Asker: 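So that we are looking at the same thing, I have put the structure below in structure tokens.
Please read all numbers here as calculations on a predicted model, not as lab measurements. Hydrogens, waters and symmetry mates are skipped; everything else that's a heavy atom, side chains included, is used.
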Amino acid sequence: MKTNRAFQEMLAAARARLYHRQPVDIAEKAGAVFDSGNSAFKIQSMGQEIEILFPSCECRQVLDEWHHLIILHYLDLADGMPVASQLVSFGSLKDGMIRGTKFDHTSESELSRFLQDKETKQIQAVCAALGAKIVESKADLCVVFPLLPHYPVTMNVWYADDEFPSSGKLLLDKNADHYLTIEDAVTAGEFILKALTNKYRKIFATD
């Protein structure tokens, strides 16, 4: 109940901050489109187009509640800063020394468990189903999740060998602070980790 109440308070605050803003300006800075005819933002996220009604900020689709909140916070904070194409850890973000660094360790542990005993084709299929694209990297596999237009999340993967087990790391763009706070960044990372597990089960689970 406490978690639900806290979430509802955060959702109400996010809606209130956007209520008196100019939707066209919000959309321009966020890399979204504002459909004035339907009074809704259209924004690309994780391989799908999501519609956020304005000014109610309700989501037209059925969406994970934290995903919904992340989008509202993104629309509120977006300032139009271009993607820097320079990767950083969560701990390197503004105010990320404690919570961001903790998530760096947590995400590496969770990715190690997720990658264990999975074939390369399976991992690629799961990432593709979440809208991610493979890019060149020094890692064995590098995929970029299009969480939001100016907020890519990169996952580097190193496959197991004779000495080390499979491992992975989530990274953000250097300019990520222009779009989400460290609290939201961690929530976004947790959302992606959860999405990876859920999508794998959906695609490959057997009775």
Asker: Please tell me if the side chains of M155 and K169 come closer than 4.5 Å, counting only heavy atoms from C-beta onward.
Answerer: no
Asker: Please report the interatomic distance CH2(W158) to CG(N156), rounded to the nearest 0.5 Å.
Answerer: 4.5 Å
Asker: Do L18 and M10 belong together in a cluster built from hydrophobic side chains that touch within less than 4.5 Å?
Answerer: yes
Asker: Any chance you could lay out the side chain to side chain contact (heavy atoms under 4.5 Å, CB included) test for L93 and L172, step after step, and finish with the verdict?
Answerer: CA-CA 9 Å; L93 297 174; L172 295 174; 3.4 Å; yes
Asker: Between F7 and W66, what is the ring plane arrangement, given parallel below 30°, perpendicular above 60°, and tilted in between?
Answerer: perpendicular
Asker: Is Y151 linked to V83 within one hydrophobic cluster, defined over Ile, Leu, Val, Met, Phe, Trp and Tyr using a side-chain heavy-atom separation of less than 4.5 Å?
Answerer: no
Asker: Rounded to the nearest 0.5 Å, how far apart are CG of L170 and CG of L111?
Answerer: 5.0 Å
Asker: Would you check if the side chain of D104 reaches a backbone N or O of F90 as a donor-acceptor pair within less than 3.5 Å?
Answerer: yes
Asker: Looking at side-chain heavy atoms only, is the closest gap between E110 and R113 below 4.5 Å?
Answerer: yes
Asker: Working to the nearest 0.5 Å, report the span between CD1 of I26 and CG of L72.
Answerer: 10.0 Å
Asker: Evaluate the side-chain proximity of H68 to L11: yes if any heavy-atom separation is below 4.5 Å, no if none is.
Answerer: yes
Asker: Can you give the donor-acceptor pairs under 3.5 Å from side chains of residues 184-194 to other protein atoms, not counting sequence neighbours?
Answerer:
unit_1: D184; atom_1: OD1; unit_2: H73; atom_2: ND1; d: 2.8
unit_1: D184; atom_1: OD2; unit_2: H73; atom_2: ND1; d: 2.8
unit_1: D184; atom_1: OD2; unit_2: T181; atom_2: OG1; d: 3.3
unit_1: T187; atom_1: OG1; unit_2: E183; atom_2: O; d: 3.0

Asker: Any idea how Y179 and Y74 line up, ring-wise: parallel (<30°), tilted (30 to 60°), or perpendicular (>60°)?
Answerer: parallel
Asker: Under 3.5 Å, sequence neighbours excluded: what are the donor-acceptor pairs made by side chains of residues 75-82?
Answerer:
unit_1: D76; atom_1: OD1; unit_2: R21; atom_2: NH1; d: 3.2
unit_1: D76; atom_1: OD2; unit_2: R17; atom_2: NE; d: 2.7
unit_1: D79; atom_1: OD1; unit_2: M81; atom_2: N; d: 3.0
unit_1: D79; atom_1: OD2; unit_2: H178; atom_2: ND1; d: 2.7

Asker: Take S92 and S89 through the side chain to side chain donor-acceptor pair (under 3.5 Å) test and state the conclusion after the steps.
Answerer: CA-CA 5 Å; S92 297; S89 66; 2.9 Å; yes
Asker: Would L69 and V153 show up in the same hydrophobic cluster when neighbours are defined by side-chain heavy atoms closer than 4.5 Å?
Answerer: yes
Asker: Could you tabulate the donor-acceptor pairs under 3.5 Å formed by side-chain atoms of residues 132-148, not counting sequence neighbours?
Answerer:
unit_1: S137; atom_1: OG; unit_2: A139; atom_2: N; d: 3.0
unit_1: D140; atom_1: OD2; unit_2: Y159; atom_2: N; d: 2.7

Asker: CD1/I50 to NE2/H67 distance, rounded to the nearest 0.5 angstrom?
Answerer: 4.0 Å
Asker: So D173 and V88, side chain to side chain contact (heavy atoms under 4.5 Å, CB included) or not? Walk me through it.
Answerer: CA-CA 6 Å; D173 186 77; V88 298; over 6 Å; no
Asker: Please enumerate all residues that pass side-chain hydrogen bond (donor to acceptor under 3.5 Å, both in side chains) together with R15, with sequence neighbours excluded.
Answerer: E58
Asker: Do R99 and K102 have side-chain heavy atoms sitting under 4.5 Å apart?
Answerer: no
Asker: Compare every heavy atom of I43 with every heavy atom of P149, then report the nearest pair and how far apart it is.
Answerer: CD-CG1, 3.7 Å
Asker: Could you tabulate the donor-acceptor pairs under 3.5 Å formed by side-chain atoms of residues 161-168, not counting sequence neighbours?
Answerer:
unit_1: D161; atom_1: OD1; unit_2: E163; atom_2: N; d: 2.8
unit_1: D161; atom_1: OD1; unit_2: F164; atom_2: N; d: 2.6
unit_1: S166; atom_1: OG; unit_2: A160; atom_2: N; d: 3.1

Asker: Using a strict threshold of under 4.0 Å (side-chain N to carboxylate O), is an ion pair present between D35 and K42?
Answerer: yes
Asker: CG/L130 to CE/M46 distance, rounded to the nearest 0.5 angstrom?
Answerer: 4.5 Å
Asker: Can you name the one residue among C57, P23, C59 that meets side-chain contact (heavy atoms from CB on, under 4.5 Å) with F41?
Answerer: P23
Asker: Could you tell me if K118 sits above the aromatic ring of F114, with its cationic atom closer than 6.0 Å to the ring centre and no more than 45 degrees from the axis?
Answerer: yes
Asker: Would you say the side chain of Q48 lies within less than 4.5 Å of the side chain of L63, judging by non-hydrogen atoms?
Answerer: yes
Asker: Any chain of hydrophobic side-chain contacts (each under 4.5 Å) joining L196 to I203?
Answerer: yes
Asker: Can you name the residues that form a salt bridge (charged side-chain N to carboxylate O under 4.0 Å, His left out) with D25, not counting sequence neighbours?
Answerer: K29
Asker: Can you hop from V157 to V126 via hydrophobic side chains spaced under 4.5 Å?
Answerer: yes
Asker: Taking atom CD as the centre, does E28 end up with more than 12 heavy-atom neighbours from other residues, nucleotides or ligands that are less than 6.0 angstrom away?
Answerer: no
Asker: So which heavy atom on R60 is nearest to which on L53, and how close?
Answerer: NH2-CD2, 3.1 Å
Asker: Please find the pair of heavy atoms, one from K174 and one from A84, that lie closest to each other, and give the distance.
Answerer: CB-CB, 4.0 Å
Asker: If I take atom CD from residue Q122 and atom CG from residue L115, how far apart are they, to the nearest 0.5 angstrom?
Answerer: 11.0 Å
